[in-house]
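Order of listing sets the numbers, starting from 1, for every ligand and every atom in it. Count residues from 1 along the sequence.
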Amino acid sequence: MADRKPFVGGNWKMNLHGDEAVALAEALAEQFTATDKVDVAVCPAFPYLAKVADALGSSDIKVGAQDFYIEPNGAYTGEVSLSMLKDCGVSVVLVGHSERRHVIGETDVLCNEKVHAALEAGMEVILCVGEKIEQREAGQTDAINTAQTAYGLAGVDAEQMSKVTIAYEPVWAIGTGKTATPEDAQNAHAAIRNFVRTGLYNNAVADGLRIQYGGSMKPANAPELIGQADIDGGLIGGAALKADDFCGILNAAL
Ligand code: PEP
């Protein structure tokens, strides 16, 4: 089994106005000591990306974007391109977060177009997958995860996969305080990795692929979750809004 460096992302969603976002970034830059043992990114709201990038300074914490549009420029009112994000210091993008799939209505086809556009633009991609509660109760967890993984990665070359991370985020666990048990999360991650190994790519891609867990991860439950063989860090919502909580999770990943 390859030695995978954990990757912890903070998804600030539509939270934290300018001063709050900058203050959190400054606190993280101060508390997080650069290390080659974990990769870290935070994803603020669009208007504060550049300010947060400035506040993070030379801290090694990457700046991520929660969304983008697939076209490079043009008549797409309200949208933001990948090159605009690059101008703001962004090097990581989320694709297919459950709130974009299930609240905004993004399809698997659009997610796949976004993965390609982001990789072509040289961004790192975090592709989010995960089942809803009724799908879990119907025993469809692995089927949903593998289908979203297959659609999301369709046409992506093995060589491009070094820039892709998958976030397994059971929809019922996001922002609810309910967390998958470490065993359930491990089983879902192992099934995704196995599918990447035997259904999509090969041993090298599967062994190198980082799969984050997301869904009410906190400093208290992070050690056991991240301690599972196939869980390589986390994508964090609520607990990413406080420096102490986020750093507590980072410590668990170290
Ligand atoms: C998320 O938004 O990706 C997430 C996992 O949120 P939370 O940690 O609040 O469940």
Side-chain angles (χ1 to χ4, degrees), residues 6-16 20-21 24 28 38-46 48-49 52 61-68 90 92-106 111 114-115 118 124-133 135-136 141 144-145 148-149 152 164-182 184-186 188-189 192 210-226 228 230-253:
F7 185 7
V8 177
N11 175 10
W12 296 357
K13 310 193 186 191
M14 200 170 71
N15 293 302
L16 305 177
E20 298 165 313
L24 178 54
L28 293 176
V38 59
D39 284 330
V40 187
V42 293
C43 306
F46 282 147
Y48 311 123
L49 284 166
V52 165
I61 300 175
K62 298 175 189 176
V63 182
Q66 300 170 24
D67 189 34
F68 57 93
V90 170
V92 182
V93 289
L94 303 184
V95 174
H97 189 279
S98 75
E99 287 147 21
R100 297 215 59 85
R101 290 180 190 265
H102 303 305
V103 181
I104 312 292
E106 289 193 3
C111 290
K114 286 189 172 186
V115 168
E124 279 183 66
V125 173
I126 299 177
L127 172 66
C128 307
V129 303
E131 82 287 0
K132 294 185 188 175
I133 190 64
Q135 294 166 329
R136 180 174 200 84
T141 298
I144 295 294
N145 288 338
Q148 290 181 349
T149 301
V164 175
T165 294
I166 290 182
Y168 166 57
E169 301 205 293
V171 179
W172 49 271
I174 297 180
T176 58
K178 293 181 194 154
T179 312
T181 64
D184 283 349
Q186 163 60 23
H189 282 232
I192 294 168
R210 295 185 292 188
I211 308 180
Q212 302 172 322
Y213 170 79
S216 299
M217 192 186 270
K218 311 272 180 240
N221 59 26
E224 219 188 330
L225 284 161
I226 297 177
Q228 302 297 312
D230 287 289
I231 300 184
D232 310 304
L235 184 57
I236 322 298
L241 301 177
K242 291 197 178 132
D244 287 349
D245 286 351
F246 193 61
C247 287
I249 294 171
L250 289 179
N251 284 335

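Looking at E99 next to ligand 1, no N or O pair under 3.5 Å apart turns up. Looking at G237 next to ligand 1, an N or O pair under 3.5 Å apart turns up.
Ligand 1 lies within reach of S216, whose nearest heavy atom is under 4.0 Å from it. Proximity of K218 to ligand 1 is not established, as no heavy-atom distance is less than 4.0 Å. Contact analysis leaves A167 out of contact with ligand 1, as no non-hydrogen atom separation drops below 4.0 angstrom.
With hydrogens and angles ignored, the 3.5 Å screen pairs no side-chain donor or acceptor of S216 with any backbone N or O of T179. Proximity of a side-chain donor or acceptor of Q66 to a complementary backbone N or O of K13 within less than 3.5 Å is detected. At least one donor-acceptor pair under 3.5 Å links the side chain of Q148 to the backbone N or O of G130. Side chain of E169 to main chain of H97: no donor-acceptor pair is present (N/O by atom type, distance under 3.5 Å, no hydrogens or angles). In this structure, the side chain of R210 does not engage the main chain of T165 through any donor-acceptor pair within 3.5 Å.
Contact of the F68 side chain with the V95 side chain is registered, since non-hydrogen atoms from C-beta on lie closer than 4.5 Å.
In the vicinity of G238, heavy-atom distances shorter than 4.0 Å reach the ligand 1 atoms 7 (P), 8 (O), 9 (O). Within ligand 1, the atoms closer than 4.0 Å to a non-hydrogen atom of G214 are 5 (C), numbered from 1 in the order shown. Of all the atoms in ligand 1, the ones that sit under 4.0 Å from a non-hydrogen atom of G215 are 5 (C), 10 (O). If you number the atoms of ligand 1 from 1 as listed, the ones under 4.0 Å from a heavy atom of G175 come out as 7 (P), 9 (O), 10 (O). Every atom of ligand 1 with a heavy atom of A173 under 4.0 Å away is listed here by number and element: 10 (O). Those atoms of ligand 1 with a heavy atom of E169 less than 4.0 angstrom away are 1 (C), 3 (O), 4 (C), 5 (C).
Neither the backbone nor the side chain of A240 has any atom closer than 4.0 Å to an atom of ligand 1 (non-hydrogen atoms only). Residue N11 touches ligand 1 through its side chain alone, judged by heavy-atom distances below 4.0 Å.
Results of the side chain to side chain contact (heavy atoms under 4.5 Å, CB included) test with P219 over D244, D245, N251 single out D245 as the only residue that passes.
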**OP:** Might you work through the side chain to side chain contact (heavy atoms under 4.5 Å, CB included) test for M14 and F46, ending with a clear yes or no?
**Re:** CA-CA 9 Å; M14 200 170 71; F46 282 147; over 6 Å; no
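In terms of protein heavy-atom proximity, atom 1 (C) of ligand 1 is closest to H97 NE2, 3.3 Å.
More than 12 heavy atoms of other residues, nucleotides or ligands sit less than 6.0 Å from atom CD of Q135.
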